[in-house]
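Worksheet for the structure shown next.
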Number of protein chains: 2
Amino acid sequence: MSTSFNALIEHFKNYFPLDEKERVELSERFNERKIKRRGFILQQGDVCRHFTFVVSGCFKMYAVDQASKEHNLQFAAENDWITDLSSFYSEKPSGAYIEAIEPSVILQIKHADLLHLYIRYHKFDRNFRIIIEQKYIELQNRMLQSISSTAEERYLSFLEQYPKLANRLPNTQIASYLGITPEFLSNIRKGLIKKS
Amino acid sequence: MSTSFNALIEHFKNYFPLDEKERVELSERFNERKIKRRGFILQQGDVCRHFTFVVSGCFKMYAVDQASKEHNLQFAAENDWITDLSSFYSEKPSGAYIEAIEPSVILQIKHADLLHLYIRYHKFDRNFRIIIEQKYIELQNRMLQSISSTAEERYLSFLEQYPKLANRLPNTQIASYLGITPEFLSNIRKGLIKKS
DNA sequence: AAAATTGCTTAAAGTAGTTTAAGGCATCAT
DNA sequence: ATGATGCCTTAAACTACTTTAAGCAATTTT
């Protein structure tokens, strides 16, 4: 069994660990892919066919507005999940892109295969419920910040919460995630240096 | 069986409907409560002990900042769920309040009882997974708007997405949800009237 | 190796949203 | 009934953030 599958099996140990039968099913239903830097696993207008586990590398999910500006909805690095949930379950075209920021290795499962796991094995429903609950909590905290904090506070909080990610990402990408322009982020950083 | 339980059983018909045994368990594990206008079902510093289904009425969940300003994280009206997920599962003190905006009737389940349902019945894990996935999708759309749209666009989109809620809520509450001041919302509304 | 693209910064001018203060109207408690 | 409280609005002054434009360094592509 490849090290990619091991990474995923290890990941599930954080929740309700899989037994032998479930591990076999997992390795039969998930497919490994390597994605180059700037490679897409989802483009606007396409149906999001896969639920993706990131084994190594890093992705961004973003939407593009009328003025062709990109807005980063989420990042996903090692041991994180990424998909356009809405498109994946509805099987309707997505409004978003998912693009590799670094050369990456991923494990993907198709809609029908994930439903198979949900139906056959209580544990997959359980584990994915917990995974999505945790992501909901994270997103709600981000939303609270967005309606209650200044851009500087949101930036500092991003650095604190995702220090590794912050080191790997260009500031333009962080600015897009925070909902500000790269110019203003640069201005914030200047202010922080002066303070320290 | 009270009409409150019927509302919850009907609600689950949108997902995977409950069989007789599950319906009985549900009515044994959920408790009905009536909450007055301005009554709290969660206050900052308390552990959030319940997962709450709103049968009738309306609630807001909000956090209070250092300047004592309230920031609305979410509303929940009929047939919606509300809880501080983070506090509920971690059993640590919550940073938020959940308060009735109208006289309300709710059904609540405690942590241990919900875990019981999850363990015994695959279907509760399944249904709650789907419920939280849908709430995640909604929240992600709101987050996208927050980083990419003006306050006017967010307001119009709120009116479109939650027309019934918009009619029931004072504008101060909507402003807090949108992350703007009531004064600026008033200004936006003036601009919209002039346009039309 | 040269050319093109991307990332970071600076600064000046403009706009979106906040703050403060005030007044009017409605609802609620005494 | 009376005073208090909550809600909505207006307006002037202020601040947080964007836009535009430009320049330089680093990385990527040819």
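Lettering of chains follows the sequences in order, A, B, ..., and the numbering in each one begins at 1.
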Exercise for the section: Could you state whether Val54(B) and Ile98(B) fall into the same hydrophobic cluster, counting links through intermediate Ile, Leu, Val, Met, Phe, Trp or Tyr residues with side-chain heavy atoms under 4.5 angstrom apart? Expected result: yes
Handout entry: Terminal helix-axis angle for the helix from dA1(C)-dT30(D) to dT30(C)-dA1(D), with five pairs defining each axis and rounding to 10 degrees
Key = 60°
Handout entry: Comparing Arg38(B) and Ser186(B) on DNA chain D - which has the more 5′ nearest nucleotide
Key = Arg38(B)
So, for [X] and [Y], which heavy atoms are closest and what is the spacing to 0.1 Å?
{"X": "Glu22(A)", "Y": "Leu18(A)", "result": "OE1-CA, 3.3 Å"}
{"X": "Lys34(A)", "Y": "Val105(A)", "result": "CG-CG2, 3.9 Å"}
{"X": "Ile147(A)", "Y": "Ser176(B)", "result": "CD1-O, 3.8 Å"}
{"X": "Leu185(A)", "Y": "Asn171(A)", "result": "CD2-O, 3.3 Å"}

Practice task
Decide if the gap between the ring center of Tyr177(A) and the ring center of Phe75(A) is smaller than 6.0 angstrom.
Solution key: yes
Exercise for the section: Establish, yes or no, whether a centroid distance under 6.0 Å links the rings of Phe53(A) and Phe30(A). Expected result: no
Got a list of side-chain donor-acceptor pairs under 3.5 Å for residues 40-51 of chain A, not counting sequence neighbours?
{"from": "Gln44(A)", "atom 1": "OE1", "to": "Tyr97(A)", "atom 2": "OH", "distance (Å)": "3.4"}
{"from": "Gln44(A)", "atom 1": "NE2", "to": "Gly95(A)", "atom 2": "O", "distance (Å)": "3.4"}

Handout entry: Passing candidate, ring pair (Phe, Tyr, Trp, His ring centres under 6.0 Å) with His11(B), options Phe128(B), Trp81(B), Phe16(B)
Key = Trp81(B)
Whole angstroms only, please: what is the [atom1]-[atom2] distance between [X] and [N]?
{"X": "Asn187(B)", "N": "dT9(D)", "atom1": "CG", "atom2": "P", "value": "10 Å"}
{"X": "Ile193(B)", "N": "dC8(D)", "atom1": "CD1", "atom2": "C1'", "value": "11 Å"}
{"X": "Leu185(A)", "N": "dC17(D)", "atom1": "CG", "atom2": "P", "value": "11 Å"}

Exercise for the section: May I ask you to list the residues of residues 151-172 of chain A, by number, that have any heavy atom positioned under 4.0 Å from an atom of DNA chain C? Expected result: Pro170(A), Asn171(A), Thr172(A)
Problem - Nucleotide interval of DNA chain C bounded by contacts with chain B (heavy-atom cut-off, under 4.0 Å) - result: dG17(C) to dT20(C)
Problem - Arg120(B) atom CZ, over 12 foreign heavy atoms within 6.0 Å - result: no
Exercise for the section: Give a yes or no on whether Glu160(A) atom CD has more than 12 heavy-atom contacts from other residues, nucleotides or ligands under 6.0 Å away. Expected result: no
Exercise for the section: Mark yes or no: Arg189(A) above the aromatic ring of Tyr155(A), with NZ or CZ under 6.0 Å from the six-membered ring centre and no more than 45 degrees from the axis. Expected result: no
Practice task
Would you classify Gly179(B) as touching base, sugar-phosphate or nothing, given that sugar-phosphate means primed atoms plus P, OP1 and OP2, and contacts are heavy atoms under 4.0 Å?
Solution key: sugar-phosphate
Exercise for the section: Report yes if at least one side-chain N or O of Arg189(B) is closer than 4.0 Å to OP1 or OP2 of dT9(D); otherwise report no. Expected result: yes
Practice task
Could you tell me whether the phosphate oxygens of dA11(D), OP1 or OP2, come under 4.0 Å of any side-chain nitrogen or oxygen in Lys190(B)?
Solution key: yes
Restricting both atoms to N or O, compile the protein contacts to nucleotides 19-27 of chain D shorter than 3.5 Å, with distance only.
{"from": "dT19(D)", "atom 1": "OP2", "to": "Lys69(A)", "atom 2": "NZ", "distance (Å)": "3.0"}

Handout entry: Pairing residues for Glu70(A) by the salt bridge (charged side-chain N to carboxylate O under 4.0 Å, His left out) criterion, not counting sequence neighbours
Key = Lys60(A)
